[in-house]
Novice: 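This is the structure, below, for whatever I ask next.
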Amino acid sequence: GMEQKNKVFLALLIALVMVVAILSSFGLNFFSGDQPEIVLPSPVITDSGEQSADDPTAGGGFLPVDVTPETVQSVIATLERPENYYRAITIEVATGGDTTGSFYAQVWVDGAWTRVEMAQPLRAMGLQYTIIYLDKDTGKGMLYRWYGGNNSVKSWAVDERGADLAQHIPTYETVLDLDPDSITETGYELRGPYPCVYVAFQGEDSASVERYWISTDNGLLVSAEREINGELVYRMTANGQVQIPCPATASFALPDGQVLHTV
């Protein structure tokens, strides 16, 4: 009936929106050229009374400045991702109705090289393997991809978003390009075990909201959400701890045995 048709239409619409969102890294403008380095003023410690035990700013070596829609971009600009690490992430996307599709990715990063193993239970192709090389100076790179049980490798040129797109995660540094007026919420929050800078902002269409939680410890995106008209259509979550440095056992080899890089 009509309701079923609407559900199918909504499912297709959400699927389309997700594809567009992932492909455009959430519809934001990406880095172009060098960002001016932003130096934060030394934060002044004020007596703010009792800090609750679960306040991520309590104790530890991280001395936060107040994070507001005006300062959050300068705070995020001071964060740097580690050069070498391993971690796992889960991506959940709304596929229509009440169902979500989830992707589980393992990610190895060693300097200019990233390897992503993506398990996609809903897809017949099985494990997806990706190796990305990115020249940090030029922002130009190369991506190699193949699937479990099929050794034919496809490759194509990518830019600095390539490694994030291969993981189905947004490039959080695009927050630095936002009009501060579009930033709706900011703060320091614990997300799982990670103390994070939290920022929420409206998408270019006013119907969507993006939320990012970025680790103040290691500068990696810990979690991200996208909501359209109040419905959660995307969520990324970091699993377990980040291993720094990248394990020496990480393989950056193609299925024919060609070694592109050794850790």
Side-chain angles (χ1 to χ4, degrees), residues 6-7 9-32 35 54-57 64-79 81 89-103 105 160-161 164-216 219-239:
N6 283 345
K7 266 193 174 163
F9 176 70
L10 186 63
L12 288 171
L13 185 65
I14 288 175
L16 179 67
V17 165
M18 278 313 307
V19 168
V20 170
I22 285 171
L23 288 182
S24 65
S25 192
F26 295 7
L28 296 172
N29 299 321
F30 313 118
F31 270 137
S32 51
Q35 290 296 318
D54 60 354
D55 182 343
T57 63
V65 293
D66 276 346
V67 62
T68 65
E70 291 73 42
T71 65
V72 70
Q73 287 159 308
S74 56
V75 171
I76 288 171
T78 65
L79 302 177
R81 306 189 198 193
I89 58 175
T90 299
I91 308 293
E92 299 161 277
V93 295
T95 51
D98 295 327
T99 57
T100 55
S102 57
F103 302 81
E160 54 257 288
R161 312 190 307 289
D164 289 336
L165 288 174
Q167 300 169 56
H168 294 339
I169 67 173
T171 298
Y172 76 74
E173 289 90 348
T174 53
V175 168
L176 303 180
D177 296 333
L178 287 177
D179 178 342
D181 290 346
S182 67
I183 296 172
T184 53
E185 286 181 294
T186 57
Y188 289 105
E189 284 188 11
L190 274 178
R191 191 74 167 171
Y194 303 98
C196 292
V197 176
Y198 165 66
V199 58
F201 55 94
Q202 281 206 306
E204 293 186 346
D205 55 337
S206 53
S208 68
V209 177
E210 316 278 348
R211 300 190 185 93
Y212 297 164
W213 289 262
I214 307 153
S215 167
T216 55
L220 290 171
L221 187 69
V222 167
S223 190
E225 293 178 352
R226 179 180 174 87
E227 229 175 58
I228 299 177
N229 293 323
E231 296 280 325
L232 195 64
V233 296
Y234 169 96
R235 178 168 49 212
M236 167 265 177
T237 314
N239 308 338

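Scope of the values below: all heavy atoms of this structure, side chains included, with no hydrogens, waters or symmetry mates.
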Novice: Rounded at 0.5 Å granularity, tell me how far CD in E70 sits from CD1 in I183.
Specialist: 8.5 Å
Novice: Side chains of R81 and E173: closer than 4.5 Å at any heavy-atom pair?
Specialist: yes
Novice: Using a 4.5 Å cut-off on heavy atoms from C-beta on, say whether the side chain of M236 contacts that of E225.
Specialist: no
Novice: Could you report the tightest heavy-atom contact between I89 and A238, atom names first, then the distance?
Specialist: CG2-CA, 4.1 Å
Novice: Kindly write out the residues that satisfy side chain to side chain contact (heavy atoms under 4.5 Å, CB included) with N229, not counting sequence neighbours, or none if the list is empty.
Specialist: A207
Novice: Any heavy-atom pair between the side chains of L221 and W213 that's under 4.5 Å?
Specialist: no
Novice: Taking side chain as C-beta onward, heavy atoms only, is V233 less than 4.5 Å from E227?
Specialist: no
Novice: Counting N and O atoms only, with roles assigned by atom type, does the side chain of T186 sit under 3.5 Å from a partner on the main chain of V72, one being a donor and the other an acceptor?
Specialist: no
Novice: Does Y172 use its side chain to pair, donor to acceptor, with the backbone of L220 at less than 3.5 Å?
Specialist: no
Novice: Find the distance between CD1 (I169) and OH (Y234) and round it off to the nearest 0.5 Å.
Specialist: 6.5 Å
Novice: Could you measure the distance from the OH atom of Y198 to the CZ atom of R191? Nearest 0.5 Å is fine.
Specialist: 8.5 Å
Novice: Once you round to the nearest 0.5 Å, how far does CD of E189 lie from OG1 of T216?
Specialist: 12.0 Å
Novice: Suppose we screen for side chain to side chain contact (heavy atoms under 4.5 Å, CB included). Which residues come up paired with S215, at least two apart in sequence or across chains?
Specialist: D217, N218, V222
Novice: Answer whether the closest heavy-atom distance between the side chains of Y188 and V197 falls below 4.5 Å.
Specialist: yes
Novice: Can you tell me how far apart CD (E210) and OG1 (T174) are? Round to the nearest 0.5 Å.
Specialist: 8.5 Å
Novice: Report yes if the side chains of R226 and R211 come closer than 4.5 Å at any heavy-atom pair, otherwise no.
Specialist: no
Novice: If you measure from CD1 on I76 to OH on Y212, what distance do you get to the nearest 0.5 Å?
Specialist: 9.5 Å
Novice: State, without any angle test, whether S182 and D179 hold a side-chain donor-acceptor pair at a distance under 3.5 Å.
Specialist: no
Novice: Look only at the side chain of T90 and the backbone of A105, and say whether a donor-acceptor pair between them is shorter than 3.5 Å.
Specialist: no
Novice: The test is side-chain contact (heavy atoms from CB on, under 4.5 Å); show your working for S208 and I228 and say whether it passes.
Specialist: CA-CA 4 Å; S208 68; I228 299 177; 4.2 Å; yes
Novice: Is any side-chain heavy atom of L178 closer than 4.5 Å to one of Q73?
Specialist: yes
